[in-house]
Amino acid sequence: MSWAVLFAMAAIIFISRYVFLEPRLPLVLSPNIKRLLTYSAPAVLIAIAAPLVFIDGEQLHIGLQSRYFIGAVVACLLIVLTRNTLVTVLGSMGLFFCVINPMMSKRKGELLP
């Protein structure tokens, strides 16, 4: 990648953020755009997490053999039951690392990453 492309991308990102954060610029978003932007964070999180949970290598992998799928289901259940983010994160990570990871490594005979 050339330095010109790198600096151009940095400039594009800076300008796009500056326009929305500078209070002296007369940019006002409509209520529809503001409502649309509230969905951007969940959409990005789903775009990051879904391939990790549902895809193993090159195949769709849904079932109780997938430790990521089990961890995601437990996290969904915990957030619905407790409505507490800290409990959900700690509980699902604890289950994943202490219960699911050793169980899967015994099944395959090797330590999983």
Side-chain angles (χ1 to χ4, degrees):
M1 181 183 304
S2 69
W3 287 101
V5 172
L6 185 67
F7 287 124
M9 295 299 288
I12 290 169
I13 291 171
F14 175 77
I15 291 169
S16 67
R17 306 254 169 108
Y18 180 79
V19 167
F20 290 110
L21 296 176
E22 178 58 42
R24 291 177 287 181
L25 291 177
L27 179 70
V28 179
L29 298 176
S30 70
N32 288 337
I33 298 296
K34 287 181 182 179
R35 186 174 54 98
L36 181 70
L37 287 174
T38 61
Y39 299 110
S40 64
V44 168
L45 288 175
I46 289 172
I48 292 170
L52 294 173
V53 172
F54 297 116
I55 297 175
D56 185 22
E58 295 287 324
Q59 294 180 341
L60 186 64
H61 191 71
I62 300 174
L64 295 179
Q65 299 90 325
S66 173
R67 59 193 173 138
Y68 296 108
F69 183 72
I70 295 170
V73 169
V74 168
C76 291
L77 290 174
L78 281 174
I79 198 65
V80 167
L81 295 174
T82 64
R83 301 275 184 198
N84 188 332
T85 306
L86 181 62
V87 170
T88 301
V89 170
L90 293 178
S92 60
M93 285 177 61
L95 176 80
F96 183 79
F97 287 115
C98 297
V99 177
I100 298 172
N101 200 16
M103 181 179 69
M104 293 294 177
S105 63
K106 286 179 188 174
R107 190 177 298 167
K108 290 189 176 185
E110 60 187 37
L111 184 62
L112 295 176

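All residue numbers in this chain count up from 1 along the given sequence.
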Is there a path of hydrophobic side-chain contacts, each under 4.5 Å between heavy atoms of I/L/V/M/F/W/Y residues, joining [Y] to [X]?
X     : Y     : result
Ile70 : Leu52 : no
Phe14 : Leu21 : no
Val89 : Phe96 : yes
Leu95 : Leu81 : no
Leu37 : Tyr18 : yes

Return the [atom1] to [atom2] distance between [X] and [Y], rounded to the nearest 0.5 Å.
X     : Y     : atom1 : atom2 : result
Thr38 : Ile33 : OG1   : CD1   : 11.0 Å
Ile55 : Ile62 : CD1   : CD1   : 9.5 Å
Arg67 : Asp56 : CZ    : CG    : 9.0 Å
Leu77 : Thr82 : CG    : OG1   : 10.5 Å

For Tyr39, ring-ring contact (aromatic ring centres under 6.0 Å, His included) partners two or more places apart: none
Phe20 side chain reached by Leu29 side chain, heavy atoms, under 4.5 Å: yes
Can we call the ring centroids of Phe54 and Tyr68 under 6.0 Å apart? no
Can you list everything that forms a side chain to side chain contact (heavy atoms under 4.5 Å, CB included) with Ile13? Sequence neighbours excluded, please. Arg17
Sequence-distant partners of Ala75, side chain to side chain contact (heavy atoms under 4.5 Å, CB included), two or more places apart: Thr88, Ser92
Crowding at CD, Glu22 (>12 non-hydrogen neighbours, <6.0 Å): yes
For Ser66 against Val53, the heavy-atom pair lying closest together: OG-O, 3.9 Å
